[in-house]
Amino acid sequence: MEAWAEFGGLRIAPTGPGRRVAPATLHLDPLHGLHLARTLGDLGRALGTEVSPLGEETDTSALLAIDTEGRVYALDHTGDWYLGPDIDQALSTLVAGAEPARLTTP
């Protein structure tokens, strides 16, 4: 709720190249995950936490999600990605074009 209250509705459109990958254009609005409850539930079970939608990378349609500890993830057609331990680090990762860590199963 804190992340939605502080960042809800925010749109970010970075310019220029990223450090490792293209920087992401973002829209922070939990309604982007409205129809993905099952997907988010599956991710939460795999991570041992609860996960909620946070927004979307609008260029790729990757869903951004946040867990109860504030960690942020991206889910897209290529996999699930860890963006950072909090929303500030996740936004830095996305806007700077840093390469996120792929989530893997043991």
Side-chain angles (χ1 to χ4, degrees):
M1 294 301 280
E2 292 171 19
W4 295 338
E6 186 172 348
F7 297 100
L10 181 66
R11 293 179 185 269
I12 301 173
T15 59
R19 283 189 271 159
R20 305 272 302 164
V21 297
T25 301
L26 308 170
H27 182 216
L28 299 182
D29 182 344
L31 293 178
H32 288 291
L34 185 63
H35 300 291
L36 297 171
R38 184 178 201 155
T39 299
L40 292 170
D42 290 347
L43 177 63
R45 276 189 296 285
L47 296 172
T49 188
E50 293 180 15
V51 180
S52 298
L54 180 62
E56 180 179 63
E57 290 182 36
T58 56
D59 290 342
T60 65
S61 297
L63 178 67
L64 302 177
I66 189 166
D67 72 12
T68 57
E69 299 297 318
R71 296 174 293 226
V72 181
Y73 310 91
L75 296 80
D76 67 15
H77 67 282
T78 65
D80 302 332
W81 306 89
Y82 176 69
L83 300 175
D86 56 46
I87 193 165
D88 294 328
Q89 183 62 46
L91 291 175
S92 292
T93 297
L94 292 164
V95 171
E99 190 168 0
R102 180 184 291 273
L103 295 175
T104 59
T105 55

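In this structure, L83 CG and D80 CG are separated by 10.5 Å, a value rounded to the nearest 0.5 Å. If you take OG1 on T39 and CG on L63, they are separated by 8.5 Å, rounding to the nearest 0.5 Å. Rounding to the nearest 0.5 Å places CZ of R45 at 10.5 Å from CG of L40. Separation of atoms OG (S92) and CD1 (I87) is listed at 10.5 Å; rounding is to 0.5 Å.
Legend: ring-ring contact (aromatic ring centres under 6.0 Å, His included) pairs involving residues 45-66, not counting sequence neighbours: none detected.
S61 is linked by a side chain to side chain contact (heavy atoms under 4.5 Å, CB included) to E56, counting only residues two or more places apart in sequence or in another chain. With sequence neighbours excluded, the residues forming a side chain to side chain donor-acceptor pair (under 3.5 Å) with D76 are T78, W81, listed by chain and number.
For R102, the CZ atom counts as densely surrounded, since its 6.0 Å shell holds more than 12 non-hydrogen atoms of other residues, nucleotides or ligands.
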Which side-chain N or O atoms in residues 12-28 pair as donor and acceptor under 3.5 Å with protein atoms at least two apart or in another chain?
unit_1	atom_1	unit_2	atom_2	d
R20	NH2	E99	OE1	3.4
T25	OG1	D59	OD2	3.1
H27	ND1	H32	NE2	2.8

Please tabulate, for the side chains in residues 66-73, all donor-acceptor contacts under 3.5 angstrom to protein atoms that are two or more places apart in sequence or on a different chain.
unit_1	atom_1	unit_2	atom_2	d
D67	OD1	E69	N	2.9
D67	OD1	G70	N	3.0
D67	OD1	R71	N	2.9
D67	OD2	R71	NE	2.6
D67	OD2	R71	NH2	2.9
D67	OD2	Y73	OH	2.9
T68	OG1	T49	OG1	3.0
R71	NE	Y73	OH	3.4

